Q: 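First the structure, which I've put down as structure tokens, then a few questions once you've had a look.
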Protein chains: 2
Amino acid sequence: MDKLTIKTLAKELQLSVSTISKALRDSHEISIETKKKVLALADQLNYTPNPYASSLRKRKSKTIGVVIPEVVNSFFSQSINGIESIAKEKGYHVLIYLTHESFDNEKSILKDFESGRVDGVLISVCRETENSEHIKELMSKDVPVIFFDRVFNDVNTVKVTTNDFDCAYNATKHLIESGCKNPHFVSIISHLDIINCRLEGFKKALDECKMPFSAGNIINCTTNWEQNYNTLYKKLKAVKKPDGLLCSIENLSIIIYKVCQDLGLKIPGALQVVSFSNLDTASFLHPPLTTITQPAYEIGKTAAAILVKALEKKNFTIPNEQVVIPSELTIRQSTKN
Amino acid sequence: MDKLTIKTLAKELQLSVSTISKALRDSHEISIETKKKVLALADQLNYTPNPYASSLRKRKSKTIGVVIPEVVNSFFSQSINGIESIAKEKGYHVLIYLTHESFDNEKSILKDFESGRVDGVLISVCRETENSEHIKELMSKDVPVIFFDRVFNDVNTVKVTTNDFDCAYNATKHLIESGCKNPHFVSIISHLDIINCRLEGFKKALDECKMPFSAGNIINCTTNWEQNYNTLYKKLKAVKKPDGLLCSIENLSIIIYKVCQDLGLKIPGALQVVSFSNLDTASFLHPPLTTITQPAYEIGKTAAAILVKALEKKNFTIPNEQVVIPSELTIRQSTKN
DNA sequence: TTTATTTACGCAACCGTTTTCGCTATTTCG
DNA sequence: CGAAATAGCGAAAACGGTTGCGTAAATAAA
């Protein structure tokens, strides 16, 4: 038995290949009866068109590339969920690539995309990334790139984020109102705009409350678990230790809990904690963690929807637009009040 | 400027298209000097071959399809991580598809794979799936399918799982040894072999300890959160309520905690809980949850490695093999002892 | 009735690579 | 030294759809 192609159908129905193709794509050039016959046979023989032949000719792959730092992460996995919902609805396929927070990985992934493998890209850049040349390079080849969550502001494209500044501000306010005298900002060393936004929100709250801010109020972590544990351990053991933490990275909040456990520091008695986090176990932690929950699903869904809509247009242009979907502060026992 | 193809290089170097192609693929037919020239120009012009043209001609896509029920799940996201590690190493691309536990979705995804979109498939079947016809159908088209975690035993292929039976047995033993008189098995209605294995392990432990087993020892849940909450609420409020739970689904353990919180049931005082779970927050829950941690990363990695190795061979055959990677029981405060 | 338009389909080029086969020039070997 | 082997490259046919254009017949307009 040969492979089942359009030619098989053509031969069987005594029609030309082009007629079959047009019939399958529901072209107006083909009569209703012919279409019916073609569809019927295709169905009967269980014909599925070769996507690569189609992609080659149409210069469209119906595929979007998703580039994220990691997948074992509530935020990103929820984002994927949102992305997939749109992809499925619109008949797109989703290629997933992980950078593991490495700039080199990110670069080589985007380089591969220059081949036309994907019609468009959704990316949340990695921590190491300092400049956006590789992204601009890809966009110059007419591959649209849309940012979500971790964005670069100097790239002209859509950026779907949450209201990081406001959230950090509100959360810090909440800490202070709950009695914190010495709030600290837990973060990672990075050029990411998102981190900076959160830091600025933190600063503004301190400023408004006439609390002094200095670099000492920042606890900088890295991508190394051990190292972060030690950093936090030292900070939380110090004499003039913080009595409140705004944690800007979900993963770090777990380490904070661990350190407190090991140090015998009571939360929220000795230390209040609020974290950016999408953990659905947050309310079952000991104690339940006050979180800023990002609308991860919606962020992914929105970014994907905008990308797909653009791709479906003939001469699409991606606007330079900032789409902000607000997060929610959920107060639990890790902060008083 | 035209598109940059092999023809561009050919024209530039006054060579034929076929020579370029062979040079790029490092064919022995081409002299070292020519290869160097070609590589140099390709590099200089930043040439990237069109993957779809290549896939069409070679009838290989260098792409694997991953079909899972959901992605917002520690186990599956860790599995993806493992899969990606192999894919990256071997130059494969990963298409992700979510079934959302719907059999119809699963079927239509596999149907699409008949088009040759992917070279091979890694699948963890969904709960609704009762038979494996759709999988056999795909395999009959020479698309290799490898199972991981949630398998079908009547399909002749590799199945990468963990030692579900033993783990359930050990965990149940642990419950009983910690004083449980009335252990229950929390599960979902499903034909999944994995669920059955766990149940059998549970049964064996009861049997060995001369404890009677009946259908009453099973708490059957569904995919509906609300409904599960109610089911568990009722069960845990009953007069002859369980004093120990073996939870076979990660997500359900969170609901159990919630119900206990709302009912004022102390864990582990009134109820001991052990769950199959890959939550890395397990040790920070209130109380820390005793878990059977599955080697999700390794399972994904192993399955992917076997698939890729098969794909790289000329006339590959997938053996009918069961690969078992053991899980680990981590005892925490949600069970006494 | 003539002309213009529409309908429905076929022809063939094309998408960009890969691969088979054939050709020539050079080398190897008996 | 002649034959055989080899090295290095090119021509062209795939791979499986898509699409612009041409055309004959059917229909509408004049």
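Everything numeric in this text was worked out from a predicted model, so none of it was measured. So that the names make sense, note that chain A is the first sequence line, chain B the second, and so on, each numbered from 1.
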Q: Using only heavy-atom distances, determine whether the side chains of A:Asp154 and A:Ser132 contain a donor-acceptor pair under 3.5 Å.
A: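 Their side chains do contain a donor-acceptor pair, which is all the 3.5 Å distance test asks for.
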
Q: Mind checking if A:Leu15 touches a base, just sugar-phosphate, or nothing, with heavy atoms under 4.0 Å?
A: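 Sugar-phosphate, backbone atoms only, no base.
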
Q: I'd like to know if the side chain of A:Glu106 pairs up with that of A:Thr129 as donor and acceptor (distance under 3.5 Å, no hydrogens or angles considered).
A: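 Indeed, the side chains of A:Glu106 and A:Thr129 share at least one donor-acceptor pair under 3.5 Å.
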
Q: Do any of residues 110-119 of chain B sit with a heavy atom less than 4.0 Å from DNA chain C, and if so which?
A: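 Under 4.0 Å from DNA chain C: no residue of residues 110-119 of chain B.
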
Q: Say whether B:Ser102 and B:Thr99, considering side chains only, have a donor N or O and an acceptor N or O under 3.5 Å apart.
A: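 No pair is found: no donor N or O on one side chain lies under 3.5 Å from an acceptor on the other.
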
Q: Looking at A:Lys37 and A:Glu33, is there a salt bridge between them, counting it only when a charged N and a carboxylate O are closer than 4.0 Å?
A: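 No, A:Glu33 and A:Lys37 are not salt-bridged.
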
Q: Residues of residues 32-42 of chain B with any non-hydrogen atom less than 4.0 angstrom from an atom of DNA chain C: list those, numerically ordered, please.
A: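 Nucleic-acid contacts, sorted: none.
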
Q: Would you tell me whether A:Asn105 and B:Lys88 have side-chain atoms, one donor and one acceptor, within less than 3.5 Å of each other?
A: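 Yes, because at least one side-chain N or O of A:Asn105 sits under 3.5 Å from a partner of the opposite role on B:Lys88.
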
Q: Could you check how far NE2 of A:His28 sits from P of C:dA8, rounded to whole Å?
A: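 My rounded result for the distance is 10 Å.
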
Q: Treat primed atoms plus P, OP1 and OP2 as sugar-phosphate and everything else as base, then score nucleotides 15-24 of chain D 5' to 3': B for base contact with protein heavy atoms under 4.0 Å, S for sugar-phosphate contact only, - for none.
A: BBBBBBB---

Q: Hydrogens and angles aside, do B:Ser115 and A:Asn50 bring a side-chain donor and acceptor to less than 3.5 Å of each other?
A: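 Looking only at side-chain atoms, A:Asn50 and B:Ser115 do not form any donor-acceptor pair under 3.5 Å.
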
Q: If we count only N and O atoms by modelled type, under 3.5 Å, do the side chains of A:Glu128 and A:His191 hold a donor and an acceptor together?
A: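 The answer is no; no qualifying pair exists.
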
Q: Only one of B:Ile146, B:Val145, B:Leu138, B:Ile68 passes side-chain contact (heavy atoms from CB on, under 4.5 Å) with B:Ile123; say which it is.
A: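 Only one of B:Ile146, B:Val145, B:Leu138, B:Ile68 forms a side-chain contact (heavy atoms from CB on, under 4.5 Å) with B:Ile123, namely B:Val145.
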
Q: Run through A:Thr157, A:Asn153, A:Asn156 and flag the one making a side chain to side chain donor-acceptor pair (under 3.5 Å) with A:Asn320.
A: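 When side chain to side chain donor-acceptor pair (under 3.5 Å) is applied between A:Asn320 and each of A:Thr157, A:Asn153, A:Asn156, only A:Asn156 qualifies.
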
Q: Is there a donor in the side chain of A:Thr34 and an acceptor in the side chain of A:Ser31, or the other way round, less than 3.5 Å apart?
A: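 Checked: A:Thr34/A:Ser31 side chains pair up, N/O donor to acceptor below 3.5 Å.
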
Q: Quickly work out the B:Leu13 CG to D:dG10 P distance and round it to whole Å.
A: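 The answer, rounded to whole Å, is 10 Å.
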
Q: Within the structure, does a side-chain N or O atom of B:Ser55 lie under 4.0 Å from either OP1 or OP2 of C:dT17?
A: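 Result: no.
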
Q: Quick one: do B:Glu312 and B:Val308 satisfy side-chain contact (heavy atoms from CB on, under 4.5 Å)? Show the steps, please.
A: CA-CA 6 Å; B:Glu312 301 282 294; B:Val308 168; 4.0 Å; yes

Q: Report the distance from atom CG of B:Asp26 to atom C1' of C:dT18, rounded to the nearest whole Å.
A: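 Checked: the CG to C1' distance equals 15 Å.
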
